[in-house]
Amino acid sequence: MPSLRRARSKPPIPARSEVAAAEVLAWLSDCIEGGLCFTSKGILIFENAQFGELNEAASDAGTEDPGHTIQGRESSLRTRLFADATAWEAQPLGAHKWQTYRLTDRQGHPLIYECRFNIVPYHGATGVLLVLQDVTDRMLLAQEASQVARFQSVLARIGTLAVSDAPAQELMNAAVRHTARALEVDLCKILIARDDDDHLFVVAGIGIEEDLIGKLTIEGGTHSQAGFAIRERVPVVVRDLREETRFTPSKLLTEHGGIAGMCVPMLVEDRVYGVMTAHSKEVRDFTEKEQEFLCTVANTIATVLERRRRADTQRDFYHRLFMSAQDGIMLTDTDGRILEWNPALERMTGWTRDEALGQRPAILKSGKHGPEFYGRLWQAIRSGQPFVDRFVNRRKDGSEVLVWESVNPVKDRDGTTQYYMAILTDLSEREQMLEALRHAEQVKLVGQLAGGILHEVRNPLIGLGSLATHLAAQEELPQAARDRCRLIAREAARIDDLLESHLGQLRPRPFDLQPCDLPSLIDDTLILLRPNLTKQRVHVTKTLATDLPIVEASRAHLQQVCLNITMNAIDAMAGGGDLTVDLRPETRRTPGVLMTFSDSGKGIPPDDLQRIFEPFFTNGKAKGVGLGLTITHDIIERHGGQLMIHSPAGRGAIVEVWLPVKREG
C-alpha cells in the first residue's frame, strides 16, 4: 500500500503544519494503549508501533474466518483489517463500530482482538481511524467467570433435585443434560458398573439414541476409556481419540462421532460406582476447571445414588420388620387418617390393610371408653408425649379384644410431629394365661382345703372306729349291741379307706395313660345315666366319625369328665330337650379327637361364662358345690387337652373337649 510520505508534495507552509500534526499524532498514539491506524480511500495514512506489533503477534494461519483468503491461502490479520476498513469507509461521518477477531498466536495460544472503526474527516473527505486492542485476558477472564457461573448453576440444580427426592432416573437425566450444556459438548452419559462382570450400563445420556438408554451395555476393562478410568481411579482426558494409543474408542462413541472427551470415575468412599463421560465431535483441549467440574458432578451423583440405595435398603429392612412384627402397628397422619396397617393388626382386628387405609382408628372403638379417655390420648400425643394404656377394641366381626396400646408421635428432625404410630399388643392370650394361673391357684387352695378337712375328719373317725372295735369285744354287752359296734367299726374302716383314696388324689401324680376307646366310653356314660335321661325326658343323638383314632388317656378320669358334662346338660334341661354328642378327628397342635356335647337348654349368660371354671361357682344350681367343672377342667389339662364352653344366644350350651392322640412330653 502506498505510504503518505511517497504520495504527497511538500508545499512550504502546509507541509510544515501537516508534518507537525503527524508528529504530534505519532507521540499521542504512543501514549494510548492499543494500536492506531488511519486509512483513506484504501491508502494507509498512518499506523503506530503497537498496531504493527499486534499484527505481528497474530499467526497468518490463526484467523477464524475462512472467507478471508488471498490467492488460495488464508489471509493475514492486517489484510482483513484493511479490507474491513475499506468496506466501512462508505459510512457517513461519525459512524463507528466494534468488531472482534478470534485468532491464535504463533505458539497456538488463543488471541482475541477488538477493533473500533471510526469515520473521521480528512482533507474534505473522510477516512477510517482504527483502534486495535488485545482483549484476550479480559475476554478469557469473562469466559472463565461465565463458565464458573454455569458450573455453579448446574451443581445447584443437581443439589435441588437431590434433596427433593426426585426419582434417580430424573436426577441422572438432568445431570447429563445440564453438564453437556455447561461444558458445551455434544455427548454426555453416565455408565454404572455391573456387579458380575466388567460391563457398564448406559443409564443416562445426551447426544445418543434415546432407545439405547437403560438397555445398552458397553465393555469396560482396561482397553476402553471408561474401564481405564475405573482401574486408575483418575480422570482420563483425550484430545483426539483417533490418535489415542492407551485404549480404543468404544463402538458407541465411534458411531456417534465422539473425538475429544473426558471420562471420570464416580467415587463413593473409595468405591467406584461407575463413570461419567463428556465428549465433543471435534478436537478439543479440556481445561483443569472443566475436569474438576465433571468430577464434582460425577461424585455428587454417585453419592446421591449410593445414599438412596442405602436408604432403600434400610427402608426395606424396616418394612420387613413392620410386616413380620407380632404386635399390631398402625401409622396415621396428624389428622388421624390411617396410612399403614401391618399383617399382625389384620389378624388381631379382622380388618385388612386395604379396608383400613384412609379410615380412622375409630373403626376399632368398642364403646368401653368414654370421651374423656380419648381426650387424654389426643392431649398427650398433640403435646409430643406418648400415650400408653389398656384398650378394649372391637374387631370387624363385633367381638372385643383387649390390647396394650402405645401411641407415639413420630417427629421430624426439627421436632415437628409428622405422624402418629400406635403399637398394639394383644393381651387376650396373656389374660388367658393369667386366668389359668388364677384357676390353678384356686384349685390348689381347694385341694389344700379339702386335704385339711379330710385330715380333720379322719382323726376322730379313727378314734370312733377303735372305740367301736373295743366295744364289740366286750362279752358282757348284748349280742345285738356288739354286732352294731362291729358294723360301726367296719363302716369307719371303709370311710377311712375312702378318705385315704381322696387324699391320694389330691397329691399331684401323673395319670396312668392307656389306650382308650372313646365311643365305648360315651356308651358307658349314657348307660349309667339312662335313668336320669329318661326321667328328665332328654333325647340323646350320637354322631361318631368312622375314622376315630384311639387316644392315650386315663379311662376312669375321662369317665368322670363325661359324667360331669352330661349331668350338667341334664340339669340345664329341666323340662326335657335334646343332647347331641359328636366325636370326630381334629388336629390342633397335634392329631387328636374332639368331643362336642350340645344341649338345648337355657344356655349360660356371658358373665357366668367368664367364671365357669372357678371353684364353688354353681351358676345358680340348687344342688352341688361348684367343683364339677373345676375338676373336669383340671383333668383335661393334665391330659394335655383343651376344654372350651360356648353358649350362643338361643342355642343352649356347647362343651368342646379336645384330647391329643398321644400326650406330649
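With 3.5 Å as the limit, one finds a donor-acceptor pair spanning the side chains of Glu355 and Thr352. Inspection of the Thr303 and Thr300 side chains reveals no N or O donor paired with an N or O acceptor under 3.5 Å. Glu346 and Asn342 share no side-chain donor-acceptor pair at under 3.5 Å. Using modelled atom types and a 3.5 Å distance limit, the side chains of Asp285 and Thr287 yield no donor-acceptor pair.
Residue Tyr273 holds its OH atom at 13.0 Å from CG of Asn299, rounded to the nearest 0.5 Å. In this structure, the separation between CZ on Arg116 and CG on Asn118 is 4.5 Å, given to the nearest 0.5 Å. Between the CG atom in Leu200 and the CD1 atom in Ile192 there is a gap of 8.5 Å [rounded to 0.5 Å]. Atom-to-atom distance recorded for Ser40:OG and Leu129:CG is 12.0 Å, nearest 0.5 angstrom. Met330 CE to Thr349 OG1: the interatomic distance, rounded to the nearest 0.5 Å, is 8.0 Å. Taken to the nearest 0.5 Å, the CG atom of Leu331 stands 11.0 Å off from the CD atom of Gln418.
For Tyr419, the OH atom is loosely surrounded, since the number of other residues' heavy atoms within 6.0 Å does not exceed 12. Around CD of Glu210, the count of heavy atoms belonging to other residues, nucleotides or ligands within 6.0 Å does not exceed 12. Within a 6.0 Å sphere centred on NZ of Lys97, heavy atoms belonging to other residues, nucleotides or ligands number more than 12. When the shell of 6.0 Å around CZ of Arg395 is examined, it contains more than 12 heavy atoms from other residues, nucleotides or ligands. Heavy atoms from other residues, nucleotides or ligands lying under 6.0 Å from CG of Asp412 number more than 12.
Inter-residue side-chain proximity for Tyr113 and Leu103 is flagged as met; some heavy-atom pair is nearer than 4.5 Å. Contact check for Val236 versus Met262: no side-chain heavy atoms found under the 4.5 Å cut-off. Contact of the Gln326 side chain with the Arg347 side chain is registered, since non-hydrogen atoms from C-beta on lie closer than 4.5 Å. Between Val202 and Ile190 the shortest side-chain heavy-atom distance does not fall below 4.5 Å. By the 4.5 Å heavy-atom criterion applied to side chains, Arg360 and Ile338 are not counted as neighbours. Looking only at side-chain heavy atoms (C-beta outward), Leu345 and Ile329 stay at 4.5 Å or farther from each other. At a threshold of 4.5 Å between non-hydrogen side-chain atoms, the residues Ile158 and Leu171 count as touching. Contact of the Met421 side chain with the Val410 side chain is registered, since non-hydrogen atoms from C-beta on lie closer than 4.5 Å.
Pro235 and Cys295 make their closest contact through CG-SG, 3.4 Å (heavy atoms, listed as atom of the first residue, atom of the second, distance). Considering every non-hydrogen atom in both Thr86 and Gly42, the closest pair reads OG1-CA, 4.2 Å. The minimum heavy-atom distance between Leu54 and Leu132, with the atom names listed, is CD1-O, 3.5 Å. Nearest heavy atom pair, residue Ser406 against residue Val388, reads OG-CG2, 3.7 Å. Between Asn48 and Gly34, the closest heavy-atom pair is ND2-O, 3.5 Å. The shortest non-hydrogen separation linking Glu405 to Asn393 is OE1-ND2, 3.7 Å.
Listed by first then second residue, pairs satisfying ring pair (Phe, Tyr, Trp, His ring centres under 6.0 Å) with a partner in residues 133-161 read Phe151-Phe293, not counting sequence neighbours. Counting only residues at least two apart or in different chains, ring pair (Phe, Tyr, Trp, His ring centres under 6.0 Å) contacts with residues 163-189 are absent.
Without hydrogens or angle criteria, Trp341 side chain to Trp351 main chain gives a donor-acceptor distance under 3.5 Å. Checked by atom type and distance alone, the side chain of Thr126 never pairs as donor or acceptor with a backbone atom of Leu93 at under 3.5 Å. Distance alone, capped at 3.5 Å, places no donor-acceptor pair between the Asp335 side chain and the Arg337 backbone. Not a single donor-acceptor pair under 3.5 Å links the side chain of Ser153 to the backbone N or O of Ala149. Between the side chain of Glu306 and the backbone N or O of Leu267 there is no donor-acceptor pair closer than 3.5 Å. Not a single donor-acceptor pair under 3.5 Å links the side chain of Arg157 to the backbone N or O of Ala175. Side-chain N or O atoms of Asp105 include none that pairs as donor or acceptor with a backbone N or O of Ala57 at under 3.5 Å.
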Would Val203 and Leu191 satisfy side-chain contact (heavy atoms from CB on, under 4.5 Å), going step by step from the backbone distance to the final call? CA-CA 6 Å; Val203 295; Leu191 309 174; over 6 Å; no
Report the C-alpha separation of Gln385 and Gln379 in whole Å, then their side-chain angles, then the decisive distance to 0.1 Å, and conclude whether the side-chain contact (heavy atoms from CB on, under 4.5 Å) test is met. CA-CA 9 Å; Gln385 302 299 318; Gln379 182 180 3; over 6 Å; no
I would like to know whether Arg315 and Arg308 meet side-chain contact (heavy atoms from CB on, under 4.5 Å); could you show each step before the answer? CA-CA 10 Å; Arg315 267 196 301 269; Arg308 291 191 178 183; 5.9 Å; no
Checking Leu81 against Phe51 for the side-chain contact (heavy atoms from CB on, under 4.5 Å) test, could you report, in this order, the C-alpha distance in whole Å, the side-chain angles of both residues, the deciding distance, and whether it holds? CA-CA 11 Å; Leu81 289 170; Phe51 188 85; 3.7 Å; yes
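Judged by the 6.0 Å distance and 45° axis criteria, Lys41 is not positioned over the aromatic ring of Tyr122.
Salt bridge status for Arg242 with Asp240: present, with a side-chain N to carboxylate O gap under 4.0 Å. Checked for salt-bridge contact, Glu114 and Arg102 miss the test: no charged N lies under 4.0 Å from a carboxylate O. A salt bridge does not link Arg309 with Asp312: every distance from a Lys NZ or Arg NE/NH1/NH2 to an Asp or Glu carboxylate oxygen is 4.0 Å or more. In summary, Lys215 and Glu209 do not engage in a salt bridge, as defined by a charged side-chain N under 4.0 Å from a carboxylate O. Of the charged side-chain nitrogens involved, none lies within less than 4.0 Å of a carboxylate oxygen, so that Glu244 and Arg239 do not count as a salt-bridged pair. Taking a cutoff of 4.0 Å between a charged side-chain nitrogen and a carboxylate oxygen, Lys289 and Glu292 do not qualify as a salt bridge.
No option in Val403, Leu424, Thr425, Asp426 other than Thr425 meets the side-chain contact (heavy atoms from CB on, under 4.5 Å) test with Asp327.
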Donor-acceptor pairs under 3.5 Å, side chain of residues 274-281 to any protein atom, not counting sequence neighbours: which ones?
residue: Thr277; atom: OG1; partner: Lys189; partner atom: NZ; Å: 3.1
residue: His279; atom: NE2; partner: Gln225; partner atom: OE1; Å: 3.0
residue: Ser280; atom: OG; partner: Glu282; partner atom: O; Å: 2.9

